[in-house]
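See below for the structure under consideration.
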Amino acid sequence: GLESTASRMSHVARQEIYFDRQVGLDETLDGVEQVTAADIQRVAAELFVNGNLSATVLGNVGGLELPDGRLDLQ
């Protein structure tokens, strides 16, 4: 479905709206390659703070219990 004409044109339109140009595959891959472990840790520290985590479990969990302490990041 992501290769349909409508999907591809929607993607191009979003690039034009957000970046005022089309971003090529090579540029996208270069950007991904530049991400460092420190970048990921910095963003994770901003997003995942105590009190902001939750868990959703679907299906037969066989009595699984998840105490609040398991979601504590410290």
Side-chain angles (χ1 to χ4, degrees):
L2 293 176
E3 291 298 320
S4 71
T5 301
S7 177
R8 294 177 70 186
M9 292 303 102
S10 176
H11 180 71
V12 169
R14 278 193 306 276
Q15 289 180 357
E16 290 286 344
I17 290 168
Y18 296 143
F19 307 115
D20 291 328
R21 64 187 181 85
Q22 294 180 32
V23 179
L25 179 59
D26 289 337
E27 185 178 354
T28 300
L29 293 176
D30 287 342
V32 170
E33 293 293 329
Q34 291 178 16
V35 174
T36 65
D39 293 331
I40 294 170
Q41 290 174 340
R42 178 183 46 78
V43 172
E46 293 172 9
L47 295 176
F48 303 119
V49 295
N50 285 334
N52 289 344
L53 297 178
S54 62
T56 301
V57 180
L58 301 174
N60 182 0
V61 296
L64 173 71
E65 292 184 20
L66 188 60
D68 291 340
R70 292 290 305 265
L71 298 176
D72 189 3
L73 296 175
Q74 296 179 7

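Values in this document were obtained by computation on a predicted structure and should not be read as measured data.
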Q: Indicate, with yes or no, if F19 and I17 share a hydrophobic cluster defined by side-chain heavy-atom contacts under 4.5 Å among Ile, Leu, Val, Met, Phe, Trp and Tyr.
A: yes
Q. Do you know which two heavy atoms are closest between Q15 and Q22, and how far apart they sit?
A. OE1-CA, 3.3 Å
Q: List the atom of Q34, the atom of D39, and the distance in Å for their closest heavy-atom pair.
A: O-OD2, 3.8 Å
Q) Out of curiosity, does I40 fall in the hydrophobic cluster containing V43 (side-chain heavy atoms, cut-off under 4.5 Å, transitive links)? A) no
(Q) I need the E46 CD to Q41 CD distance, nearest 0.5 Å. (A) 12.5 Å
